[in-house]
Amino acid sequence: MASQSGEHLLRAAQMAEADRITIASGVPGHELMARAGSGVAAAARRMAAPGARILVICGTGNNGGDGYVAARLLQAEGRDVAVMAPLGPATTADAGRAAADWAHGRGAAVAIDADVAGYDLVIDALFGAGLNRPLDGAALDLARRLNASGRPVLAVDVPSGLNADSGQAMAASVRAAATVTFAARKPGQLLLPGRLLCGDVTCVDIGIAPETIARVAGGIFRNSPDLWQASFPAPSLEAHKYRRGHVLCGSGGPLSTGAIRLAARSALRVGAGLATVAAGLDACRAHAAHLTAIMIREAEGAGDFARLLDDARFNAVILGPAGGVGPELAARVEAAARRGRALVMDADAISSFAGAPERLAAVIAAGEGAPVVMTPHDGEFARLFGDVAGVMDVGAKYERAVAAARMTGAIVVLKGADTVIAAPDGRAAINDNAPPWLGTAGSGDVLSGLVGGLLAQGMPGFEAAAAAVWIHGAAAQAFGPGLISEDLPEQVPAVLRRLLRQGAQAGAAR
Ligand SMILES: NC(=O)C1=CN([C@@H]2O[C@H](COP(=O)(O)OP(=O)(O)OC[C@H]3O[C@@H](n4cnc5c(N)ncnc54)[C@H](OP(=O)(O)O)[C@@H]3O)[C@@H](O)[C@H]2O)[C@H](O)CC1
Ligand SMILES: [K+]
């Protein structure tokens with residue numbers, strides 16, 4: 001996993017280990033703190049105009065230490081800085097040293113009940129990665145006063161009260177306009193509500209080596225082209241349409257045919273060589289009125305569908321968009337999985353296994369390693385895994401997705417504004433490029449098509465799913481507000497051009 005390229009996200013414990021390794025290698029902790037504090041001061045300079053009144057709220061640990069360093073640097077250049085130490089003096093050696101350096105000749109800290117509304121910028125250095133229980137008492141009161149004051153907050157590492165791993169507020173969390181974090185982003189800064197509570201996140205290099213980060217990393221990544229560009233199918237002259245795969249898309253009934261058409265069109269747009277919609281006769285007639293490049297084959301039941309799959313040229317299958325929950329659809333899933341075809345399970349295909357994840361796992365195991373990608377939203381996920389210990393009851397969203405992937409053998413795309421892509425081997429990617437307007441009817445159908453189209457071109461399951469999620473978000477960003485799902489496939493070419501340009505540049509740089 002460590003060889004996987006991409007931006008590592010580090011949990012608090014992994015960050016502490018990176019700290020420890022770096023200190024053991026000869027970089028003193030107070031040096032790391034000095035660099036961290038300097039990064040905070042630089043961000044404060046950008047946020048606070050000259051003459052602005054700055055309040056630095058320092059906790060007792062090293063997060064507070066970063067705050068003392070920033071306070072000293074800002075005061076040394078003539079900034080109007082006050083320090084509040086609501087929980088008492090620093091308790092760690094490095095923070096104590098930073099506090100002493102700040103206090104030297106600079107007067108005492110302000111009282112805890114000082115009116116925070118009187119400041120132009122508040123630097124939140126109360127708790128960082130060391131938060132280990134919900135806020136309470138004075139800390140909880142102060143966080144609430146800070147949020148109520150409407151004052152712009154610059155958070156050190158993470159807003160105080162935010163769990164750096166899960167992105168959840170622990171009783172409450174400071175809401176920051178910006179956050180300065182160190183060495184690597186944390187999962188809780190991309191997951192919701194953490195992403196909203198952090199504001200703009202800047203990651204400061206404090207001298208922790210990339211190989212140290214890779215060594216402590218646990219397979220959690222920020223979703224970006226770096227993660228999957230190497231296996232992204234680049235168009236080439238000899239890759240004629242039969243070499244770029246053929247996606248078989250299972251349709252719903254005659255009054256619910258649009259969903260699978262969105263999926264099939266998306267599969268073609270992302271580069272699949274061919275796409276065919278399989279449908280009952282009445283639905284075929286409905287499709288015939290809409291389709292041109294996408295072919296149509298009649299398949300009344302699961303048996304007909306299975307017989308279509310006897311044609312090995314259908315190397316990828318999409319099932320679920322408005323497919324109709326029930327044993328019929330489950331039987332189609334089984335037919336595709338048992339034949340070892342790359343399979344995307346969306347919506348109704350997932351719900352057709354509600355409460356029976358073990359049965360789904362057995363079906364997937366029969367496919368002997370062909371990639372299966374499921375794309376549930378939270379509700380479908382809960383219906384499938386709700387009763388499984390160790391899946392719904394684990395802390396962070398990516399832990400739930402990885403547990404589900406491990407249990408079923410599928411790649412799990414747990415959708416949302418903070419979609420997580422997880423693999424049975426423990427890898428997870430958190431996606432943070434989806435704009436609010438992507439949440440529109442049918443966008444999930446488009447995503448299933450993008451996944452299927454990339455699988456048809458031979459991308460491995462995890463990479464195909466991560467690339468599809470990223471392209472889905474980028475296409476929505478390209479279109480802007482007012483988006484409806486029919487617009488999404490039409491934005492894919494511009495996103496592909498950008499990706500191929502980036503890929504060519506990366507190749508040239510190698
Ligand atoms: N490489 C890096 O990332 C660097 C990070 N730095 C900064 O260090 C902090 C982490 O510092 P740490 O001392 O581990 O912990 P905090 O400062 O976040 O927390 C201080 C202590 O507060 C106690 N605690 C925890 N939760 C609560 C709570 N809800 N209420 C009250 N008190 C709480 C806890 O101590 P206990 O003994 O009470 O358990 C914490 O230890 C990191 O975020 C960075 O800002 C380095 O400065 C530079 C390198
Ligand atoms: K903080």
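Atom set for the values below is all heavy atoms of this structure, side chains included, hydrogens, waters and symmetry mates excluded. Counting starts at 1 for both ligands and their atoms, following the listed order.
The backbone and the side chain of Ala129 each have at least one atom closer than 4.0 Å to an atom of ligand 1 (non-hydrogen atoms only). With a 4.0 Å heavy-atom cut-off, ligand 1 is reached by the side chain of Ile206 but not by its N, CA, C or O.
When the options Asp66, Val40, Thr22 are ranked by their closest heavy atom to atom 48 (C) of ligand 1, first place goes to Asp66. Closest heavy-atom approach to atom 40 (C) of ligand 1 among the candidates Gly67, Ala98, Gly130, Ala12: Gly130.
For the pair Arg53 and Tyr119, the cation-pi test (distance below 6.0 Å, angle within 45°) is passed.
In this structure, atom 11 (O) of ligand 1 lies nearest to the protein heavy atom Asn62 CB, 3.4 Å. At the top of the distance list for atom 3 (O) of ligand 1, counting protein heavy atoms only, stands Met15 CG, 3.3 Å. Scanning all protein heavy atoms for the shortest distance to atom 2 (C) of ligand 1 gives Asp19 OD1, 3.4 Å. Here the heavy atom of the protein found nearest to atom 35 (O) of ligand 1 is Asn132 ND2, 4.4 Å. Looking from atom 32 (N) of ligand 1 to the surrounding protein, the closest heavy atom is Arg133 NH2, 3.2 Å. Shortest contact from atom 30 (N) of ligand 1 to any protein heavy atom: Phe127 CZ, 3.6 Å. For atom 21 (C) of ligand 1, the closest non-hydrogen atom on the protein side is Thr60 OG1, 4.2 Å. Residue, atom and distance of the protein heavy atom nearest to atom 17 (O) of ligand 1 are Asn63 N, 3.0 Å.
Against a heavy-atom cut-off of under 4.0 Å, Gly128 is close to the following atoms of ligand 1: 16 (P), 18 (O), 43 (O). Those atoms of ligand 1 with a heavy atom of Leu131 less than 4.0 angstrom away are 18 (O), 25 (C), 26 (N), 29 (N). Atoms of ligand 1 found under 4.0 Å from any heavy atom of Asp157 (numbered from 1 in listed order, with element): 42 (C), 43 (O), 44 (C), 45 (O). Each of the atoms 1 (N) of ligand 1 lies under 4.0 Å from some heavy atom of Ile208. Under a 4.0 Å criterion applied to the non-hydrogen atoms of Pro134, ligand 1 contributes the atoms 29 (N).
Note on Glu211 versus Arg215: no salt bridge recorded, every NZ/NE/NH1/NH2 to OD/OE distance being 4.0 Å or above.
Other residues, nucleotides and ligands contribute over 12 non-hydrogen atoms within 6.0 Å of the CZ atom of Arg72.
A heavy-atom distance below 4.5 Å is not found between the side chains of Lys397 and Leu190. You'll find the side chain of Leu131 stays beyond 4.5 Å of the side chain of Leu162, heavy atoms only. Phe385 places a side-chain heavy atom less than 4.5 Å from the side chain of Thr408. Proximity of Ile123 to Ile57: side-chain heavy atoms (C-beta onward) are nowhere separated by under 4.5 Å. Using a 4.5 Å heavy-atom cutoff, the side chains of Ile430 and Pro187 are in contact.
Note on ligand 1: Ala18 sits outside its first shell, no heavy atom being nearer than 4.0 Å.
Side-chain atoms of Arg195 do not come within 3.5 Å of backbone N or O of Gly167 as any donor-acceptor pair.
If you take CD on Glu7 and CD1 on Ile220, they are separated by 12.5 Å, rounding to the nearest 0.5 Å.
For the salt bridge (charged side-chain N to carboxylate O under 4.0 Å, His left out) test, no residue two or more places apart in sequence or in another chain qualifies with Asp66. Thr92 is linked by a side chain to side chain donor-acceptor pair (under 3.5 Å) to Asn62, counting only residues two or more places apart in sequence or in another chain.
For the pair O of Phe127 and O of Val158, the angle at the K ion (ligand 2) is about 90°; rounding is to 10 degrees. With the K ion (ligand 2) as vertex, Ser160 OG and Val156 O subtend 170°, rounded to 10°.
Protein heavy atoms are found inside the 4.0 Å sphere centred on atom 38 (O) of ligand 1.
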Just do the salt bridge (charged side-chain N to carboxylate O under 4.0 Å, His left out) check on Glu463 and Arg427 with the steps written out, would you?
CA-CA 11 Å; Glu463 287 77 2; Arg427 283 176 297 166; 3.1 Å; yes
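In summary, Asp157 places no N/O/S atom under 3.4 Å from the K ion (ligand 2), failing the contact criterion.
Atom O is the N/O/S atom of Asp124 found closest to the K ion (ligand 2).
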